[in-house]
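Chain identifiers are assigned alphabetically (A, B, ...) following the order of the sequence lines, protein sequences preceding nucleic acid strands; residue numbering begins at 1 within each chain.
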There are 2 protein chains.
Amino acid sequence: MKLCEMTKEELVAFKNEVKKEYEAFKSRGLSLDMSRGKPAANQLDTAMGLLDAVNSTSCLSDGNGVDCRNYGGLDGIGEAKKLFSQMIGVSEKEVIVAGNSSLNLMYDTIMKNMFFGVNEEATPWGKQGNLKWLCPCPGYDRHFAITEGFGIEMINIPMNSDGPDMDMIEKLVSEDASIKGIWCVPMYSNPTGITFSDEVVKRFASLQPKASDFRIFWDNAYCVHHLSDDRDYLLPILEEAKKHGNEDMIYIFGSTSKVSFAGAGVAVMGASEKNIAYYKKLMNIQTIGYDKINMLRHVRFFKDFEGLEAQMKTLAELINPKFETVLDALEKELSPLGIGSWHKPKGGYFISFMAPKGCAKRIAQLCKEGGVVLTGAGATYPYGKDPDDKNLRIAPTYPPVEELKLAAELFCISTKLAAVEKLLEE
Amino acid sequence: MKLCEMTKEELVAFKNEVKKEYEAFKSRGLSLDMSRGKPAANQLDTAMGLLDAVNSTSCLSDGNGVDCRNYGGLDGIGEAKKLFSQMIGVSEKEVIVAGNSSLNLMYDTIMKNMFFGVNEEATPWGKQGNLKWLCPCPGYDRHFAITEGFGIEMINIPMNSDGPDMDMIEKLVSEDASIKGIWCVPMYSNPTGITFSDEVVKRFASLQPKASDFRIFWDNAYCVHHLSDDRDYLLPILEEAKKHGNEDMIYIFGSTSKVSFAGAGVAVMGASEKNIAYYKKLMNIQTIGYDKINMLRHVRFFKDFEGLEAQMKTLAELINPKFETVLDALEKELSPLGIGSWHKPKGGYFISFMAPKGCAKRIAQLCKEGGVVLTGAGATYPYGKDPDDKNLRIAPTYPPVEELKLAAELFCISTKLAAVEKLLEE
C-alpha cells in the first residue's frame, strides 16, 4: 500500500513500526561514511600494477626521447596526449595533460579568465562587475564551491532525464551578458547519473550567448565509467561546436582519479587549438611543467585506450554490485510505499534520490544518528540550498557490500520514517 | 697584462688573435645548451631508487593509516610534512606539502592574494590599483615573469655579496604602500650564488612596511644544495620574524626538483600557522589534495632529513667538478686580463658573471654563433632589461664535464672578443 493512500491511523501504526526498526538499527552502533564518491580499497587494488609500470630499471624517456625525469614539456608527453585525448574525445592537438586534479584545472581556468580574460582580446571576467553562472542541479558541490568562492552569482537550472533544461539555458544566455559560464557533468552526471542526450549536446554546441566570453565547463569526469556493457553514449561536444564556430566556447575536463588512484592520477583539459595555445601561454608563467613520470607510468600501465577501457571493466565488476545493492533496497523497501524517486544510472559514481518534499535534511539527520554519514542534504545545490529539500546523493562505492547493505537498509528506514513524519505533520 | 693597460696597437693585435681562436672554435660546429639550470642525466640517475621506494607490494598507508591511493589530506601526509618542514626550517604546523612545482605554489599564492587578499580581513591586492614589487637583481627570470604577468610594476634592487641592498628596501617599503612583495632566493641565490647574511635576514624579519599586506617571497630553492662541506648557513627567517610579530609577512618555498627529479618531485610552502590555515581554506576550494603517493615515495626513499642530505652530498660530487671547470677557466683565461668579475658559490646551480659594461648581449651572441646557448643576456633582470648589459648566468650542471670544458673555453674567448671590441669602440 502506498503511504499516500493510508488513513491517519494506518500512518500512525506505520510510523510506530518503522520507529522501532530505526531504534533497533541505531542500537547496533554503526559507523559508515557514504559522504563522498571515493573508490573502495579493492578498486584501488586493481591499479597497483601502475606502481610497477616505471621502476629504477625503466627507460624514463618518452616516445620523443624526452627525459621525463627532467624539466620540460609544459603540456604533457606525447603518448599521454594521445591516450587521454582519446579518453575525452578530442584530438591530440586539443589537449593539455596536467597534474593530479581536474578540479584544480577548472579552478585555474576560472582564475585565469577572471584575471586575464578568456583570450588575448577579452576583458577579464574580474573587471566586468557582477558575474553569473548557470548551475544545473542537483549537481556537484565542489563545482558550486568554486563559483561561490569567486563570488559569482549562481542560478539554478533544473535537471531533466536527458540533461539540463535547455529552453531555460538558451533564454538566459541569450539575454544576459553577465552569465559567463555553466557547470556540466554531461555523462553519468554527478549526482543524477543521467547522460546528456544528443539533442542536448547539440543545443549546447550551438548556443548563441550574449556574452562572447561565455564558457561551458564540460566536466567529463565519468566518460569511461560505465557500470556494464549496457552503457550510455555522449556526443563529442567539441566536434559539434565546430559546426557552429563555437569551439572556443567549450572546455572539457577529465582525469584518471577514478581510473587509477584518486589524487595520484593524471588530469586533462580538452579545448580548441586556439584555447590550448592561449592557456599554454598563461601556464608557461605558472609552472615549468607537470609530473611527466606519472604520465609515463599511466601510459605504460594502460598501454592504450583499450587497456584503459579494460581497467574500467574490472572496476565495473566491483562497483556494479554496490549500485545493485542500493537500488535493490530502494526498489524493495520504498517502491511499494510510493516514497521518493531515483534513476538507475548506467555509470558514474552516484545514485540521486529524490525524497518527498521537505524530507531530505531529516533523512540525512536520521541516517547520521543511526551511524551512516551521507553527503549533506542540500550539498547538491548552489549555496547548499535545495529549494524543495528533496535531493540526497548516495555514494555507494566506498563501503564493502556487506556494510553497504546495512547502510542502504538504514537509509530506507530513515526515509520511511521521515516520510511518514511529514505526512502526519500536514 | 690587463686589457685596460694595453695600447691601441696591443688591443688590435689581441683582438686579431682572439678572433682567430673564435673562428677556429666556431668551425668545430658545437651544439651545447647551457641556458637553464637543469640537472644532468647522471644526477637524475642517483634518484632512480625513488621509483622503487613504492611498488605494487608496498603498503600505501601513511603513518596515520591514511590510504595514499585515495582522496583526502589536503596539505600533505604527516611524514612528508615532518621531512620537508625540516628541509625549509619551519615546524610541522607551518608547512603545506603540495604538488610538483614550487613555482606553481608561488604563482598560486600571488593569484590568491590578488583575488582574495592576504587574509580574511585584507583588501585583495587586485582591488588596490597599481601594485609594485621589489626585485633584487640579478635574479630569477621566472620570478620576474610571474610579477610581469600579473602587471605588477617591478623595481630593481641591487644585489650585494651579503644579500640585496637593505637600506633601499627598508626605505621603499616604509614609504610606499603599493609595494606588495619582494622576490628572494636567500641561499645560493639565483644567479649570484651568494647567501643572505644573518644581518640581512634579521633586517628582512624586522621590516616595517607601510603596507600591512606586504609579503616576502622567500624562495629557498637551494637550501640543501651545498657543493661541499664548506657550506653557507642561512638564518631561519620565520623564527626571526616571530621576534617582531612579523611571521605573517613571510612565505617560504622549496622543492625537491633538484634533489630527486626535476618536475616529478615534491613542492612545499612554509608560513605562519595563521597563513597556513588561511591558504588551506582557499586551497580546499581549488583541489581535493595533492599526490600523496609521490610524497610517500619521497619519504620512503630519503627516510629522513639525514637521508636527504646524503643524497645532496652524492649530487655535490657530480656537480662540484662542473663548477670548478667553469671557475678554473674564468680564473685562468680572464683574471690575468682583468675582464669581468664573478663569485665562487658554495652551492646552488649558477655562476653569475659580470662582464664589462655593455658586453653581455654581445658575449651571448658570440657564444650562440659559436654553438653554445646561454641564458639570454638581460634575463636576470625585470622585463629582461639589464641596465648595464653586464650580467650573464652560467648554468654548469647540465652538460657533461668534457662538453662543459669546451663551452667554458668558448665563453672565455667570446668574452675576450666582446671586451676588446668594446675597448676599441671607445
Side-chain angles (χ1 to χ4, degrees), chain A residues 36-41 43-45 47-52 54-58 60 67-73 99-101 103-104 106-108 111-112 114-116 126 142 145-146 148-151 257 260-265 282 284-294 297 398, chain B residues 36-41 43-45 47-52 54-58 60 67-73 99-101 103-104 106-108 111-112 114-116 126 142 145-146 148-151 257 260-265 282 284-294 297 398:
Chain A
R36 304 301 315 177
K38 283 172 77 168
Q43 288 172 247
L44 300 167
D45 290 344
M48 287 300 279
L50 182 75
L51 301 174
D52 299 330
V54 161
N55 65 34
S56 65
T57 67
S58 305
L60 272 296
D67 188 341
C68 293
R69 306 171 302 173
N70 217 331
Y71 289 122
N100 73 320
S101 163
L103 194 76
N104 202 336
M106 295 175 225
Y107 179 97
D108 273 10
M111 191 64 120
K112 290 191 172 83
M114 278 285 180
F115 207 87
F116 303 108
R142 285 187 172 272
I146 292 177
E148 183 175 3
F150 283 112
S257 284
S260 58
F261 294 135
L282 292 180
N284 193 38
I285 299 175
Q286 179 175 21
T287 182
I288 305 177
Y290 294 98
D291 186 339
K292 295 190 294 296
I293 293 183
N294 206 33
R297 195 176 275 129
Y398 190 62
Chain B
R36 304 301 313 176
K38 283 173 77 166
Q43 289 172 246
L44 300 166
D45 290 343
M48 288 299 279
L50 182 75
L51 301 174
D52 299 331
V54 162
N55 65 35
S56 65
T57 67
S58 304
L60 272 295
D67 188 341
C68 293
R69 306 170 303 174
N70 217 328
Y71 289 123
N100 74 321
S101 162
L103 193 77
N104 201 336
M106 296 176 226
Y107 178 97
D108 273 10
M111 192 64 119
K112 290 190 172 85
M114 278 285 180
F115 207 87
F116 304 109
R142 284 188 173 272
I146 293 177
E148 184 175 2
F150 282 112
S257 284
S260 58
F261 295 135
L282 293 180
N284 194 39
I285 299 174
Q286 180 176 21
T287 182
I288 305 177
Y290 294 99
D291 185 342
K292 295 190 293 299
I293 293 184
N294 206 33
R297 195 175 275 129
Y398 190 63

Colleague: Heavy-atom distances under 4.5 Å only: say whether B/Asn294 touches chain A with side chain, backbone, both or neither.
Modeller: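 Contact with chain A involves the side chain of B/Asn294 alone.
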Colleague: Could you tell me which of B/Asn104, B/Leu103, B/Asp45 has the largest number of non-hydrogen atom pairs under 4.5 Å with chain A?
Modeller: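 Of B/Asn104, B/Leu103, B/Asp45, B/Asn104 has the most heavy-atom pairs under 4.5 Å with chain A.
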Colleague: Taking side chain as everything from C-beta outward and backbone as N, CA, C, O, which of these in B/Tyr107 sits under 4.5 Å from a heavy atom of chain A? Side chain, backbone, both or neither.
Modeller: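 The side chain, not the backbone.
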Colleague: Under a 4.5 Å heavy-atom cut-off, does chain B meet the side chain of A/Asn100, its backbone, both or neither?
Modeller: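 Contact with chain B: side chain only.
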Colleague: Find the one option among B/Gly126, B/Ser58, B/Ala264 whose heavy-atom pairs under 4.5 Å with chain A are most numerous.
Modeller: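 Greatest number of close heavy-atom pairs with chain A: B/Ala264.
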Colleague: Check this for me: A/Tyr398, atom OH, are more than 12 non-hydrogen atoms of other residues, nucleotides or ligands nearer than 6.0 Å?
Modeller: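 Counting other residues, nucleotides and ligands, OH of A/Tyr398 stays at 12 neighbours or fewer.
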Colleague: Under 6.0 Å between the ring centres of B/Phe150 and A/Phe115?
Modeller: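 Yes; A/Phe115 has its ring centre under 6.0 Å from that of B/Phe150.
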Colleague: Name the member of A/Leu50, A/Thr287, A/Leu282 that forms the most heavy-atom pairs with chain B at distances under 4.5 Å.
Modeller: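 Of the candidates given, the most pairs with chain B belong to A/Thr287.
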Colleague: Contact part of B/Asp108 toward chain A, heavy-atom cut-off under 4.5 Å: side chain, backbone, both or neither?
Modeller: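 The answer is the side chain of B/Asp108.
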Colleague: For chain B, which of A/Met111, A/Lys38, A/Gln43 has the most heavy-atom pairs under 4.5 Å?
Modeller: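 Heavy-atom pairs under 4.5 Å are most numerous for A/Met111.
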Colleague: Side chains of A/Ser101 and B/Ile288, heavy atoms from C-beta outward: is any pair under 4.5 Å?
Modeller: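 Result no, sub-4.5 Å side-chain heavy-atom pair not found.
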Colleague: Under 4.5 Å heavy-atom distance to chain A, tell me which part of B/Ala41 shows up: side chain, backbone, both or neither.
Modeller: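 Looking at B/Ala41, backbone and side chain both touch chain A.
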Colleague: For B/Leu51 and A/Leu60, run side-chain contact (heavy atoms from CB on, under 4.5 Å): C-alpha distance rounded to whole Å, both residues' side-chain angles, the deciding distance at 0.1 Å, then the answer.
Modeller: CA-CA 11 Å; B/Leu51 301 174; A/Leu60 272 296; 3.9 Å; yes
Colleague: Counting only non-hydrogen atoms closer than 4.5 Å, does B/Asp291 touch chain A with its backbone (N, CA, C, O), its side chain (CB onward), both, or neither?
Modeller: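 Its backbone and side chain both get close to chain A.
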Colleague: Is it true that a side-chain atom of A/Arg142 and a backbone atom of B/Asn284 form a donor plus acceptor pair closer than 3.5 Å?
Modeller: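 Yes; judged by distance alone, with no hydrogens or angles, the pair exists.
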Colleague: Let me know if B/Arg36 has heavy atoms under 4.5 Å from chain A in its side chain, its backbone, both or neither.
Modeller: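 Contact with chain A: none, neither part.
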Colleague: Does any heavy atom of chain A fall under 4.5 Å from the side chain of B/Met106, the backbone, both, or neither of them?
Modeller: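 Neither part.
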Colleague: Relative to chain B, which of A/Pro39, A/Gly149, A/Gly72 shows the most heavy atom pairs under 4.5 Å?
Modeller: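 That would be A/Pro39.
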Colleague: Below 4.5 Å, heavy-atom pairs only: which of B/Asn70, B/Ile285, B/Val54 has the largest tally toward chain A?
Modeller: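 Option with the top pair count is B/Asn70.
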Colleague: For the interface with chain B, which of A/Gly73, A/Gly49, A/Ser257, A/Gly99 has the highest count of heavy-atom pairs at distances below 4.5 Å?
Modeller: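 Looking at each option in turn, the highest pair count goes to A/Ser257.
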Colleague: Ignoring hydrogens and geometry, is there a side-chain-to-backbone donor-acceptor pair from A/Asp67 to B/Ala40 under 3.5 Å?
Modeller: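 A pair under 3.5 Å: no.
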Colleague: Could you tell me the separation between the CD1 atom of A/Ile146 and the CD atom of B/Gln286, rounded to the nearest 0.5 Å?
Modeller: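 Reported to 0.5 Å precision, the distance equals 8.5 Å.
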Colleague: Is A/Asp52 reaching over with its side chain to a backbone N or O of B/Ser56, donor-acceptor style, under 3.5 angstrom?
Modeller: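 Flag set: sc A/Asp52 to bb B/Ser56 pair under 3.5 Å.
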